[in-house]
Amino acid sequence: MKKLENKVAVITGATSGMALATAKLFVEEGAYVFITGRRQKELDEAVAAIGSNVTGFLGDSANLSDLDRLFETVKREKEHIDVLYASAGVADFVPFGEVSEESFDKQFNLNAKGTFFTVQKALPLLRDHASIIMTGTIAARKGMPNLSVYGASKAGLLTYAKAWTNELKSRGIRINVISPGPIETAAFEGKDDMKKHMASLIPMGRMGQSEEIATTALFLASADSSFITGSEICVDGGMAQV
Ligand SMILES: NC(=O)c1ccc[n+]([C@@H]2O[C@H](COP(=O)([O-])OP(=O)(O)OC[C@H]3O[C@@H](n4cnc5c(N)ncnc54)[C@H](OP(=O)(O)O)[C@@H]3O)[C@@H](O)[C@H]2O)c1
């Protein structure tokens, strides 16, 4: 039996990278998946790459009206949600002294505020015993240069997961955070020097792949993780662990 047979999943920011890899794996495991992103062409390509059992939704996760439209669409098409994966996020690599207000607001608006309201607005559609997953980062636990704002904007997700676990426990809803280390996605395209540097900092000696996040998300989405909630799983080759 497939691990997500007949489940409905919503994955934000899923036209590339680790969330797209997750959407593909969820569909292979029997789920119907809604994916989101802001660019129509990339969204169409992602829907085509997934192939079946997928709806593409054009929207910005930092925009609350777009989030309302997203969940209206999910309600109209499928009525409920079994798995919500709030993955849309943005990182600016900027030294402390050069951070602008615009960059600060952009990161907090999507990572902290957008993630908060994505989950809040999904609540009426979430089935009892649903699984909520959010994408954090190990930059929230390590003092990574140039990532202070990014790390801080994602650190709140760990607090959300803990508070919401208590608030939603009567519904049996589980909430967990995946904190990736450096993963080879579009975020690192054309940045070979940075990739080499990152790999040198990781005990396993390499960057991670999107599929290694997807298998972790599948674990958290499925009954395989039925006794895990309020937790963080770091998928980082040991970078923030040793
Ligand atoms: N790559 C890493 O090393 C790493 C490490 C730790 C954590 N993370 C986190 O992991 C998540 C995914 O990262 P990734 O590297 O896989 O990303 P990616 O390949 O750069 O893709 C980002 C995805 O998010 C979408 N997106 C961006 N802003 C959005 C918005 N405001 N609303 C809706 N969708 C939006 C993008 O599509 P559009 O541009 O079309 O909207 C795209 O589909 C992010 O939360 C990121 O912060 C990444």
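One-based numbering, in listed order, for ligands and for the atoms of each. Every heavy atom of this structure was used, including side-chain atoms; hydrogens, water molecules and symmetry mates were not. Note that the structure is a prediction, hence the values are computed from the model and not measured.
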Check for me whether Met207 has a heavy atom closer than 4.0 Å to any atom of ligand 1.
no
Heavy atom under 4.0 Å from ligand 1: found in Leu110's side chain, backbone, both, or neither?
side chain
If we set the cut-off at 4.0 Å for heavy atoms, which region of Ser87 has an atom near ligand 1: side chain, backbone, both, or neither?
both
When you look at NZ of Lys169, are more than 12 heavy atoms from neighbouring residues, nucleotides or ligands closer to it than 6.0 Å?
no
Polar atom proximity, Glu42 to ligand 1 (N or O, under 3.5 Å):
no
Below a 4.0 angstrom heavy-atom separation, can you tell me which part of Ala14, side chain or backbone, both or neither, approaches ligand 1?
backbone
Contact (N/O only, under 3.5 Å) between Ser61 and ligand 1
yes
Which is it for Lys154 and ligand 1 at heavy atoms under 4.0 Å: side chain, backbone, both or neither?
side chain
At under 4.0 Å between heavy atoms, what of Thr185 touches ligand 1? The answer is side chain
Electrostatic pair Arg38:Asp60 at N-O distance under 4.0 angstrom
no
When you check the gap from the basic side-chain N to the acidic O, do Arg206 and Glu212 get nearer than 4.0 Å?
yes
Return a yes/no value for Tyr150: is any of its N or O atoms, backbone included, closer than 3.5 angstrom to an N or O of ligand 1?
yes
Is the shortest side-chain N to carboxylate O distance from Asp44 to Lys41 below 4.0 Å?
no
